[in-house]
Amino acid sequence: MAKVGESDVRQVAILARLEISEKETKRYQSELSNILNYVDQINEAKTDGVEATAQVTGLKDVVRDDLRVPSGLSRDEVLSNAPDKKDGYIKVKSVLE
Amino acid sequence: MEIIKHTIRELSEALEKGELTSVETAKAYLDQIKKVDGDIHAFLAMNKDVLKQAEESDKRRKAGKPLSEFDGIPVAIKDVILTKGIETTASSNMLSGYIPLEDAAVVRRLKEAGMIVLGKNNCDAWAHGSSTENSDFGPSKNPHDPSRVPGGSSGGSAAAVAANEAPLSIGTDTGGSIRQPAAYCGVVGLKPTYGLCSRYGLIAMASSLDCPGPFTQTVYDNAMALSLMAGPDPRDATSAGSKVDDYLQNIEGGVKGLRIGLPKEYFAEGINPEVKEAVLKSAEEYKNLGAEIVDISLPMTKYGIATYYVVQPAEVSSNLGRYDGIKYGHTTKGANSLIEHYFKSRTEGFGDEAKRRIMLGTYVLSAGYFDAYYKKAMQVRTLIKKDFEEAFKKCDVILGPTTPTTAFKLGAHSNDPLAMYLEDAYTVNANLAGIPALVLPCGKDKDGLPIGMQLMGPQFSEALLFRVGYAYEEKNGKD
């Protein structure tokens, strides 16, 4: 039985901001199910009371002084990779209809 | 000897003595790239100012003011690492045409030592893959057999050093992306301890796992390169640069009295007999050099890939969330609203594998599945880390294979994502535990394809790994 349903795939695609076709929905359903079936073996590991490791450095609460650090970049440079711009601003589609 | 056959150490000596100029050196590598890269395809964008920068380096040396002993030595940079003014795409159409405004921290450190960036190395798009076949700009080829993959994701980086197109290249390793291609291409590759080299300026794949590291011809060169790359960086909050060691001081110290552990799980089912034999033979050689070989067990090894394929796609889905087609990167022409703009730009810009990982990562992080997958995987990650801590009570370093097989044919795994993922079975655990791992060649199979051994040590034990690797290389010669 497929582990992930077609409706799950559609919902995840919406969360991830990806458009997927009917064909892709079926493909992802099968691929994600296969991978998750493999992943399921982690459930064999006994983890009662085991702390979660999110990062391995042992560093905690690394902060810097709350100071302004100039980038040294001009406005034009900062905008140089933006696909659409106008009057020194990045242009986007209207947010409200 | 031909210039391009030189090690970094030899180049440095020749430049210091004035037997070689930086311009001659740069020209030799550019010629070699012109000659072989049509077949190998290790490079994407090139630095247009190589010769100009080489002239400047020669001037500095002439004036007696080189920036370091490495001034004027060329280096190639994986395309997921930012290089100021040189197109950087992560081998993805999403970033086609993207020109970084600054250098990654590791690139900056190399340039401050006077090294000259030749160009960008091809890789699997976003570093997702184990063959470079997932590059949007076509695969790289293995210099030992062009019908085979160079490995991945840093396949172009490994191929560039193997084909003498660069004496040094910098890759990244999230689950094996430096070590597997180093093994497949017969070069030396290091995945440093997590945090030793700054991640600032890497196009992030999985932030709790990503490590930049060097590819070189020899272990000694690798230690030299790490000395330049490692160091603290206030712009990377996970930087542990204060733990930088002297990697050359004791490199000739030998292995006498060291305990080298052989984990039984790394020699079990699935490993190619020729790979197994080559690695066990190198263990025998270490014994002859005075090391003590001890049998150890890493029982959590079997959960490595499964844990990795929760943690990694989760972080990937989060890191790739920034590509919205607005500030930089591919932008759609066909959207009527902002939300449609996001959907279309991302759908058009990302390739299949990136989408698969975004989908998988979003799924395991979504409400209802978070505890079952992500939290559980983070707990198993703790067990994997402890597994190594226990093992390092019984031995000083761990020796094992890098990959179950030698380089596979182009196309061999292309229809089976899971088979490709299993390529990393012996490498992902070092990333999950944050420990360093050094890969060096230890023979060839019957088809003449390189086999790489992998040495793993506790966090920040790079100096020890170099010492152990160097002892083998000295005995057997490079290659």
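Note that the structure is a prediction, hence the values are computed from the model and not measured. Per chain, numbering begins at 1; letters A, B, ... match sequence-line order.
K93(A) places no side-chain N or O within 3.5 Å of a backbone atom of H341(B) that could act as its donor or acceptor partner. Here the side chain of T382(B) pairs a donor or acceptor atom with the backbone of T53(A) at under 3.5 angstrom.
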Checklist entry - Is there a side-chain contact (heavy atoms from CB on, under 4.5 Å) between L18(A) and I358(B) once you walk through the steps? => result CA-CA 9 Å; L18(A) 292 172; I358(B) 292 170; 4.1 Å; yes
Item to check | Test log, rule side-chain contact (heavy atoms from CB on, under 4.5 Å), inputs V4(A) and Y369(B) | outcome: CA-CA 11 Å; V4(A) 183; Y369(B) 301 104; over 6 Å; no
Item to check | Derivation of the side-chain contact (heavy atoms from CB on, under 4.5 Å) call for V69(A) and R235(B) | outcome: CA-CA 11 Å; V69(A) 184; R235(B) 295 172 302 179; over 6 Å; no
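E44(A) contributes atom CD, which lies 6.0 Å from atom NZ of K302(B) (distance to the nearest 0.5 angstrom). Between the OG1 atom of T25(A) and the CE atom of M359(B) there is a distance of 7.5 Å, given to the nearest 0.5 Å. How far NZ of K91(A) is from OG1 of T331(B): 11.0 Å, rounded to the nearest 0.5 Å. The distance from atom OH of Y194(B) to atom CD of Q55(A), rounded to the nearest 0.5 Å, is 6.5 Å. Distance check, rounded to the nearest 0.5 Å: CD of Q379(B) to CG of D48(A) gives 8.0 Å. To the nearest 0.5 angstrom, K376(B) atom NZ is 3.0 Å from T47(A) atom OG1.
Contact record, V380(B) with A45(A): CG2-CB, 4.0 Å, taken as the closest heavy-atom pair. Shortest non-hydrogen contact noted between G325(B) and P83(A) is O-CG, 3.7 Å. The two residues S239(B) and L59(A) make their nearest non-hydrogen contact at O-CD1, 3.7 Å. Nearest heavy-atom pair across R356(B) and L32(A) is O-CD2, 4.1 Å. Smallest separation of non-hydrogen atoms from F343(B) and A13(A): CE2-O, 4.0 Å. Across every non-hydrogen atom of V62(A) and A237(B), the tightest pair is CG2-O, 3.4 Å.
Between chain B and the residues I35(A), V78(A), I20(A), L15(A), the most heavy-atom pairs under 4.5 angstrom are made by I35(A). Listed options E77(A), E24(A), Q11(A) were ranked by heavy-atom pairs under 4.5 angstrom with chain B; first place goes to E77(A). Each of N43(A), L79(A), N34(A) has some count of heavy-atom pairs under 4.5 Å with chain B, and the biggest count is that of N43(A). For the options V9(A), V92(A), L36(A), heavy-atom pairs under 4.5 Å to chain B are most numerous at L36(A).
Side-chain contact between V50(A) and L383(B) is present, with heavy atoms from C-beta onward closer than 4.5 Å. Side-chain contact between R17(A) and I339(B): present, with at least one pair of heavy atoms (C-beta onward) separated by less than 4.5 Å. Side-chain contact between D352(B) and R27(A): present, with at least one pair of heavy atoms (C-beta onward) separated by less than 4.5 Å. Between Y373(B) and D40(A) the shortest side-chain heavy-atom distance falls below 4.5 Å. Counting heavy atoms from C-beta outward, R381(B) and V56(A) have side chains that approach closer than 4.5 Å.
Residue contact with chain A, scored on non-hydrogen atoms closer than 4.5 Å, is absent for V311(B). Proximity to chain A is limited to the side chain of S366(B), based on heavy atoms less than 4.5 angstrom apart. Interface residue I99(B): backbone and side-chain heavy atoms are both found under 4.5 Å from chain A. Within the 4.5 angstrom heavy-atom criterion, only backbone atoms of A433(B) (N, CA, C, O) approach chain A. Heavy-atom distances place the side chain of L422(B), and not its backbone, under 4.5 Å from chain A. Looking at K355(B), both its backbone and its side chain come within 4.5 Å of chain A, counting heavy atoms on both sides.
Of the residues listed (E348(B), R346(B), K344(B)), the one engaging E19(A) in a side-chain contact (heavy atoms from CB on, under 4.5 Å) is K344(B), and it is the only one.
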